[in-house]
Amino acid sequence: MTFKVFRASVKGLIDEALRDMGVGVVNYQIEEPPIPNFGDLAVNVAFQLSKRFKEPPGKVAEDLVSRISGRLPRIVASVSAHPTGYINFTVEADELTYLTMKAAFEEGYGSMDIGRGRKVVVEHTSVNPNKALHVGHARNVVLGDSIARILRKVGYRVEVLNYIDDTGTQVADVIVGFLHIGIPEEPGPVKYDRYCGDDVYIKVNEIYEENPKLEDKRREVITQLEKGIGPAVEVAKRVVPKVVKAQLETCWRLGARYDLLNWESHIIRLGLWDVAFNELRKRNAVKRVDEGRLAGCWVLKASGKDEEKVLVRSDGTTVYAAKDIPYAAWKLGLLPDPFKYSMFADQPDGTVLWTTVERDGNPDHPPFGSADMAITVIDVRQSRVQEYVAYATKLLGGGHKEYKHLGYDVVALSRVSAEKLGLHVPPGRQFVHMSGRRGSYVNVDDVLDALKERAVEEVAKRNPGASPGWIDLTAERIAVGALRYQLLRQDPNKMIIFDMDEALKLEGETGPYLQYTYARASRIVEKSGTSSPPQITKEKARTLREPEEIDLMKEISKYELELELAARTLSTKGMAIYSYRLADHFNSFYERHRVIQEPREDVRGTRLALVYAFRITLREVLELLGVPPLEKI
RNA sequence: GGGCCCGUGGCCUAGAAUGGACAUGGCACCAGCCUCCGGAGCUGGGGGUCGCGGGUUCGAAUCCCGCCGGGCCCGCCA
């Protein structure tokens, strides 16, 4: 309730003036001016009105200002018309300081109720359980995890799902390796997901090249997995959960957490597809094609165009994309829940991760699914399929619910990094796509380890005599912060060309810069000898006078607006950039003004309060991004 | 062939929905700043046909059309 108050006041003033002038609805914008001299917020309403009145914007602006200037509330210091037509408002800094600090020191700071208790499920990660995560998967994990954190913060009931495709070809390949090629199920000391991905999956695919007949075995394995009987199922029961646990280790390392694992085999064996399919038929949403090239297939009737998506082949089997429909419908509670549930693992954050089971569940489970909104985090190559799935949920009676695809472009390897991995990069190409099957990818654990190694050097250098355990833990957190920030700060529509040397940077606009700044602020708080923020009064707020103090305070006051925007747009980018701006302003302040050593007692107290407010706010933002805050670095 | 995404100094990048003031930061580069709460920092500087060409508009990085370059999707594969 800070900069937001100022913004609301500005809007109120403009709307009141418009009413006075007797004009109807005008679509105008309130934005931050490009140059601080122009004030703190600018309104472009005069441009819109100038069209209507046939008068120059500057004149309209003056007219509006003359109506407004007499009735400014306390939070608004001044208003002025710029000759170009903008109406510029300046905030009353003392008032904003007081409001901002008061809000920051309150319990539940930043929490708001946009969600109104509505339930949202966020599905992310969903990596085939036959290999270790590469950095492309990491983008998925951290995007989904941060969105979940943001939505929870703004009042949604959030449930995080991880879909395990344990009946697909990728898992089947690994099982073929164990069952028909004789690769041992138990590796040496290597992490199990990596073993299955690097030593089994790749190998099996190489053997397919020489011996294509072996692919018949894959078909056989998949059939067994879907039906739930046969030797392949026995192998899968031993192998897949071990891979999933190994993958989860990496996800947890990245700071992610989940509520439930949904296994594809359960969806299939419990007949959820048949239920969904019957429902689609009942609602006349699918039809059987009688003739032509699709004769004998069941297709989804597309809305407008003549596109038809095959769901059931003429031999009666379902296509890959069709399997997503019952799952989506379950998420939104459009089908009866066929699952039983049991506990799968304890997570680092202290919560329990549950899993679906086919029978003998724990009756004492929390409610799952049946959300008002479903968000599926999956890369843009799945956009088309996701459209069909969203459309199918509407046909199944989910018209009042929302199914959203949160897409993002892939992470590719830079030419330099690819060549360092020994891959051939054709001339002229600047990047190469990652592929688990070909083994051309960068493993997430490897990236984190490399980052950590760099961080250990730095931390040890700056903290002589620190315990190895502390150095290790701190370096780990730096590594996670660095990687997460990098993956969250840019537009999801843009491909990330991953370069190892670039990724190892710890300076500039990076996670470690934020952590470093947080530690700086923490040290001041520690040295102040206080354990809670000083009482702030309007009188004390008045002692903030230096430009760097005011700028920092204003940046802090914008937190709620940024959070609101992030939640509404399901985007982490703005939050990431905001966190950097916050830290940047703090460092400018820190450079020029002393806190502990400030001789004037009143100024010292208010500055300390400012540091507290900054630290609390940055902590909030870092937690939303999943960048671990560090007291000491 | 149809559809979607991207193109902003040498490299990376912000400019959302709803066009508006001198185009945002970072990396790299140059010049400064530690007797002072932590220099992973701070201050200043150079560097731009916002891919190209039209159009709409008083005004376009932003909207429209057409190109160019890069990527992705479009299967009774998964």
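A note on names: the letters A, B, ... follow the listed sequences, proteins ahead of strands, and every chain is numbered from 1.
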[Y] and [X] side chains, donor-acceptor separation under 3.5 Å:
X: Thr543(A); Y: Thr606(A); value: yes
X: Tyr485(A); Y: Glu509(A); value: yes
X: Ser528(A); Y: Arg604(A); value: no
X: Thr376(A); Y: Tyr163(A); value: no
X: Glu549(A); Y: His593(A); value: no

- Is any NZ, NE, NH1 or NH2 atom of the basic residue among Lys4(A) and Glu560(A) found under 4.0 Å from an Asp or Glu carboxylate oxygen of the other?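 Looking at Lys4(A) and Glu560(A), the cut-off is not met.
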
By the 4.0 Å heavy-atom rule, please label [X] as base, sugar-phosphate, or nothing.
X: Arg520(A); answer: sugar-phosphate
X: Arg462(A); answer: base
X: Val459(A); answer: base
X: Asp584(A); answer: sugar-phosphate
X: Asn587(A); answer: sugar-phosphate
X: Ile497(A); answer: nothing
X: Val319(A); answer: sugar-phosphate
X: Leu506(A); answer: base
X: Pro56(A); answer: nothing
X: Gln29(A); answer: base
X: Asn463(A); answer: nothing
X: Ala295(A); answer: base
X: Arg429(A); answer: sugar-phosphate
X: Phe47(A); answer: base

Pairing nucleotide - [N], Watson-Crick or G-U, each distance under 3.5 Å:
N: rC22(B); result: none
N: rG32(B); result: rC42(B)
N: rG66(B); result: rC52(B)
N: rG75(B); result: none

Picking from [options], which would you name as closest to the side chain of [X]?
X: Ile633(A); options: rC6(B), rC76(B), rA40(B); value: rA40(B)
X: Asp491(A); options: rC36(B), rA14(B), rG38(B); value: rA14(B)
X: Tyr580(A); options: rG39(B), rG25(B), rC6(B); value: rG25(B)
X: Arg592(A); options: rU43(B), rG71(B), rA40(B); value: rU43(B)
X: Arg384(A); options: rA21(B), rG39(B), rC74(B); value: rC74(B)
X: Val310(A); options: rC42(B), rC76(B), rG25(B); value: rC76(B)
X: Arg568(A); options: rA17(B), rC6(B), rG70(B); value: rA17(B)
X: Glu458(A); options: rA16(B), rA40(B), rA21(B); value: rA40(B)
X: Lys505(A); options: rA16(B), rG26(B), rC27(B); value: rC27(B)
X: Tyr516(A); options: rG25(B), rG41(B), rC37(B); value: rG41(B)

Distance below 4.0 Å between [X] side-chain N/O and [N] OP1 or OP2:
X: His433(A); N: rC72(B); answer: yes
X: Arg313(A); N: rC77(B); answer: yes
X: Lys461(A); N: rA40(B); answer: no
X: Tyr320(A); N: rA78(B); answer: no
X: Tyr485(A); N: rA40(B); answer: no
X: Lys494(A); N: rG7(B); answer: yes
X: Lys573(A); N: rG15(B); answer: yes
X: Lys527(A); N: rG38(B); answer: yes
X: Ser588(A); N: rU43(B); answer: yes

- Parallel, tilted or perpendicular for Phe277(A) and Trp298(A), by the 30°/60° rule?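 If you compare the ring of Phe277(A) with that of Trp298(A), the planes turn out perpendicular.
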
Starting at [atom1] of [X] and ending at [atom2] of [N], how long is that distance when rounded to a whole Å?
X: Glu308(A); N: rC76(B); atom1: CD; atom2: C1'; result: 13 Å
X: Trp273(A); N: rA78(B); atom1: CH2; atom2: P; result: 13 Å
X: Tyr163(A); N: rA78(B); atom1: OH; atom2: C1'; result: 11 Å
X: Gln382(A); N: rA78(B); atom1: CD; atom2: P; result: 13 Å
X: Arg381(A); N: rG3(B); atom1: CZ; atom2: C1'; result: 18 Å
X: Lys323(A); N: rC77(B); atom1: NZ; atom2: P; result: 12 Å
X: Glu507(A); N: rC12(B); atom1: CD; atom2: C1'; result: 16 Å
X: Arg288(A); N: rC76(B); atom1: CZ; atom2: C1'; result: 13 Å

- Item | Syn-anti status, with the boundary at 90° from 0, for the nucleotide rC58(B) |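 Nucleotide rC58(B) adopts anti.
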
- Query: When the C1' atoms of rU49(B) and rU8(B) are considered, how many whole Å apart are they?
  - Reply: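 It works out to 12 Å between them.
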
- Item | 5′-ward residue of the pair Ala42(A)/Thr169(A) relative to RNA chain B |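 Of the two residues, Ala42(A) wins.
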
Is a donor-acceptor pair below 3.5 Å formed from side chain [X] to base [N], judging by atom type as modelled?
X: Glu591(A); N: rG41(B); result: yes
X: Ser383(A); N: rC73(B); result: no
X: Gln490(A); N: rU13(B); result: no
X: Asn37(A); N: rA21(B); result: no

- Message: Check whether Phe431(A) forms a cation-pi arrangement with Arg429(A) (NZ or CZ under 6.0 Å from the six-membered ring centre, at most 45° off the ring normal).
- Response: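 Judged by the rule, Arg429(A) and Phe431(A) form a cation-pi pair.
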
- Message: Strictly distance-based, threshold 3.5 Å: is any side-chain N or O of Thr510(A) a donor or acceptor partner for the main-chain N or O of Leu506(A)?
- Response: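 Yes: the side chain of Thr510(A) pairs with the backbone of Leu506(A).
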
- Message: So does Ile577(A) get a backbone contact from the side chain of Arg581(A), meaning a donor-acceptor N/O pair under 3.5 Å?
- Response: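 No; zero donor-acceptor contacts below 3.5 Å.
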
